[in-house]
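In what follows, every chain begins at residue 1, and chains take the letters A, B, ... in the order their sequences are listed.
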2 protein chains.
Amino acid sequence: MDWRSVNFDWNRARAFLVTAEEGSLSAAARALEITQPTLSRQVTALEKELGVALFERIGRGLELTPNGLDLLQHVRAMGEAANQLALTASGRSESVEGHICLSATEVTAAYTLPPLIQKLRQQQPGISVEIVASNHASDLQRREADIALRAFQPTQPELIARRVGDIEVGLYASTDYLSAIGHPTTLAAFNRADYICFGENERLIEAMRHFGLELSRQNFPLITESHLVHWELVKQGLAIGIMPADIGDREPGVVRVMPERSLLTTPLWLVAHRELKTNRRVRVVFDFLAQELSGAG
Amino acid sequence: MDWRSVNFDWNRARAFLVTAEEGSLSAAARALEITQPTLSRQVTALEKELGVALFERIGRGLELTPNGLDLLQHVRAMGEAANQLALTASGRSESVEGHICLSATEVTAAYTLPPLIQKLRQQQPGISVEIVASNHASDLQRREADIALRAFQPTQPELIARRVGDIEVGLYASTDYLSAIGHPTTLAAFNRADYICFGENERLIEAMRHFGLELSRQNFPLITESHLVHWELVKQGLAIGIMPADIGDREPGVVRVMPERSLLTTPLWLVAHRELKTNRRVRVVFDFLAQELSGAG
DNA sequence: GCCAATCCATACGTTTTTGCATACCTGAAA
DNA sequence: TTTCAGGTATGCAAAAACGTATGGATTGGC
């Protein structure tokens, strides 16, 4: 075969890809963990090598030229393949020692995972753990994490999932707050309380309606995307919030609202990429978490 | 976005691809125009970086491991995208000076192209020309050539083609050979002559049958894939062969067999990749050849 | 309108990579 | 068995790429 057209510096293509996606040389250099002058030279060299201007230097930053935009789709394809290569290669590694990245919601990351990770690290001291605490689902396909804990079953066929239990979610308030609003006991009384909302969470409002509460926008004077900030607001007596029962019940100064009624039960899924499940280290951590969460749940 | 899984040395992936496809480090190094030790170190470094053994060093050469085979498909995808990148980038170049690669059959390359290229180089001294003389169609998609001359219309939509004339093909023999077989004049007499065959060319035999000749395997004692060797055999009086009329008629000592009858007329197409046609140099050469061949044909 | 922040390009010393020469190995043929 | 051809790995000097430091330029906020 003729390899002439493949025989250019592929690292320069990578430099072009990340620069275009990140929008600036500096940001791309940070992402690739190299310095900005190096990346600048790589991109310039690629432009010279191809004989095509990829970026227009305008003021503070770069802008893709029409030619650069045309060429970007091909380096994107290279990047996708490179990503798959790295993913599959990781899946072939049989080493238990090394790094693993877990993704979970803030609450799970803050309250459920720490004791499990402590136990894991006693059993497997060679494994270092990174926790991505995020309330949106990480993209396992792009390997933003190796293993994710999610409240829903993934639909993508390239992901494998195991249901490890159910989380009962309840309404919680500090005793101070309940005193301040006069120790309500009826649903009608709770309809006049303040609640904390997570952005535009329709599912949560629907669950509350099903619970029996008739809440309007005025019931949500506090909004935060951060579940941990939300929990602090609850603990400090600003409003009523929601929490997994096993966590909320452990919190002194906070009590469950109408504990005899169930607000919401959500499943808990362990998810990993199919390719990565062939990696021994991922398999070990996955099975460990599955056993611990199932046993505890 | 998270670029960690893309952040490995892409040149090492290229080294892996070409080594796997070529079958040995030495061959791959020749293809990439680098030295074998360099390539050896790149492949070794990739294996170490991924933590996966790609090749098994087995005696005289390398052999892909099962893991290497799995990973090969992804670097193949990277290579395809890299190829498209280079192709598209070349198409964006506006420089007239530079190199261009023409593909044609041996006969066309040897007899039709030389005067045209001479004229082209007088008009455009900055263009250097490479001729790929091959009797199978070069893969313009993989850029084995920039422009091809073909006897048929390509079907791939990514190729653009222009019909530049028709080639009349006739049967030719040396006067010495015709004397030796007794100056035959009838079809029946020519049925007892010797002919030269190009491998398994059904189309040619069908044309001869349509011409009126009833030939069997015994009529083809000489076989060669090389059209030029074939022509030498004709000139040196070993058998009857075929040739474009304008070339055959110019050859002293060789005459056309039954010139009043037409053996075959085949179109001549100029073909280029759609992406490359936006390259000014390719456009210049393409249009030059189209004009010259149309005017001459 | 000025200042701070951010970004890109260039200069120079250092690190990494490459090419050359060479040693070593295997498989086939004399 | 010896020899030879073709292939892979290692030592060392040259070349290329990289990081640090720095200058020039523009945007956004006060």
Side-chain angles (χ1 to χ4, degrees), chain A residues 1 3-4 6-65 67-69 71-72 75 82, chain B residues 1 3-4 6-65 67-69 71-72 75 82:
Chain A
M1 202 185 297
W3 296 102
R4 267 180 298 183
V6 175
N7 191 7
F8 64 92
D9 192 323
W10 284 17
N11 284 333
R12 293 173 179 169
R14 181 190 58 181
F16 170 41
L17 169 65
V18 181
T19 303
E21 298 285 8
E22 292 289 325
S24 79
L25 290 173
S26 303
R30 283 190 293 270
L32 287 174
E33 299 177 45
I34 59 178
T35 60
Q36 170 267 320
T38 296
L39 198 58
S40 173
R41 283 185 290 248
Q42 288 181 350
V43 171
T44 306
L46 181 64
E47 289 182 309
K48 192 173 176 183
E49 193 171 11
L50 298 179
V52 175
L54 301 171
F55 295 101
E56 204 171 350
R57 275 72 172 173
I58 70 174
R60 179 189 78 162
L62 308 183
E63 197 161 311
L64 272 172
T65 61
N67 280 335
L69 195 61
L71 297 177
L72 178 58
V75 294
Chain B
M1 200 187 294
W3 296 102
R4 266 181 298 183
V6 176
N7 192 7
F8 63 91
D9 192 322
W10 284 17
N11 283 333
R12 293 174 179 169
R14 182 190 57 179
F16 170 41
L17 169 64
V18 181
T19 303
E21 298 285 8
E22 291 290 324
S24 79
L25 291 173
S26 302
R30 284 190 294 269
L32 288 173
E33 298 176 40
I34 59 178
T35 60
Q36 170 269 319
T38 297
L39 197 57
S40 172
R41 282 185 286 245
Q42 287 182 347
V43 170
T44 306
L46 180 64
E47 288 183 310
K48 191 173 177 183
E49 193 171 13
L50 298 179
V52 175
L54 301 171
F55 296 101
E56 204 171 350
R57 274 69 173 174
I58 170 171
R60 177 187 76 166
L62 307 181
E63 198 161 310
L64 271 172
T65 62
N67 280 336
L69 194 62
L71 297 177
L72 177 58
V75 293

Without decimals, in angstroms, what is the distance between [X] [atom1] and [N] [atom2]?
X: A:Asn11; N: C:dT16; atom1: CG; atom2: P; result: 16 Å
X: B:Gln42; N: C:dG19; atom1: CD; atom2: C1'; result: 12 Å
X: B:Glu63; N: C:dC25; atom1: CD; atom2: C1'; result: 17 Å

Please list each protein N or O that sits under 3.5 Å from an N or O in nucleotides 6-12 of chain C, with the distance.
{"unit_1": "C:dC8", "atom_1": "OP1", "unit_2": "A:Leu25", "atom_2": "N", "d": "2.8"}
{"unit_1": "C:dC8", "atom_1": "OP2", "unit_2": "A:Leu25", "atom_2": "N", "d": "3.4"}
{"unit_1": "C:dC8", "atom_1": "OP2", "unit_2": "A:Ser26", "atom_2": "N", "d": "2.9"}
{"unit_1": "C:dC8", "atom_1": "OP2", "unit_2": "A:Ser26", "atom_2": "OG", "d": "2.6"}
{"unit_1": "C:dA9", "atom_1": "OP1", "unit_2": "A:Arg57", "atom_2": "NE", "d": "2.6"}
{"unit_1": "C:dA9", "atom_1": "OP2", "unit_2": "A:Ser40", "atom_2": "OG", "d": "2.9"}
{"unit_1": "C:dA9", "atom_1": "N7", "unit_2": "A:Gln36", "atom_2": "NE2", "d": "3.2"}
{"unit_1": "C:dA9", "atom_1": "N6", "unit_2": "A:Gln36", "atom_2": "OE1", "d": "3.4"}

Would you list the atom pairs, donor with acceptor, under 3.5 Å between side chains in residues 50-58 of chain A and any protein atom, with sequence neighbours excluded?
{"unit_1": "A:Arg57", "atom_1": "NH1", "unit_2": "A:Glu47", "atom_2": "OE1", "d": "3.1"}
{"unit_1": "A:Arg57", "atom_1": "NH1", "unit_2": "A:Glu47", "atom_2": "OE2", "d": "3.3"}
{"unit_1": "A:Arg57", "atom_1": "NH1", "unit_2": "A:Phe55", "atom_2": "O", "d": "3.4"}
{"unit_1": "A:Arg57", "atom_1": "NH2", "unit_2": "A:Glu47", "atom_2": "OE1", "d": "3.4"}

| query | Which pairs pass salt bridge (charged side-chain N to carboxylate O under 4.0 Å, His left out) with one or both residues in residues 6-28 of chain A, sequence neighbours excluded? | reply |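 Qualifying pairs: A:Asp9-A:Arg12, A:Arg12-A:Glu49, A:Glu21-A:Arg76.
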| query | Taking for each residue the nucleotide of DNA chain D bearing the nearest heavy atom, is the 5' side occupied by A:Thr38 or by A:Ile58? | reply |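 Going by which nucleotide is closer to the 5' end, it is A:Thr38.
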| said: Over all strands shown, is B:Ile34 touching base, sugar-phosphate only, or nothing at heavy-atom distances under 4.0 angstrom? | reply: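 The residue B:Ile34 makes sugar-phosphate contact but no base contact.
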Less than 3.5 Å apart, which donor and acceptor atoms pair up between the side chains of residues 25-45 of chain B and the rest of the protein, not counting sequence neighbours?
{"unit_1": "B:Thr35", "atom_1": "OG1", "unit_2": "B:Thr38", "atom_2": "OG1", "d": "3.0"}
{"unit_1": "B:Thr44", "atom_1": "OG1", "unit_2": "B:Ser40", "atom_2": "O", "d": "2.8"}

| said: How bent is the helix from C:dG1-D:dC30 to C:dA30-D:dT1, measuring the angle between the end axes built from five pairs each, rounded to 10°? | reply: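 The angle separating the two end axes equals 30°.
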| Reported CG-to-CG distance for the pair A:Leu46 and A:Leu17, which is rounded to 0.5 angstrom |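 Nearest 0.5 Å value for the CG-CG distance: 11.0 Å.
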| message | Measuring from atom OG1 of B:Thr19 to atom CG of B:Leu64, what distance do you get when rounded to the nearest 0.5 angstrom? | response |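 Here the rounded value is 9.5 Å.
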Looking at every heavy atom in both [X] and [Y], which two are closest together, and how far apart are they?
X: A:Trp10; Y: B:Asn11; value: N-OD1, 2.7 Å
X: A:Gly68; Y: A:Phe16; value: O-CZ, 3.5 Å
X: B:Ala13; Y: B:Phe8; value: CB-CE1, 4.1 Å

| From the 5' end of DNA chain D to its 3' end, which nucleotides mark the outer limits of contact with chain B, defined by a 4.0 Å heavy-atom distance cut-off (strictly under)? |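 The contacted stretch runs from D:dG7 to D:dG11.
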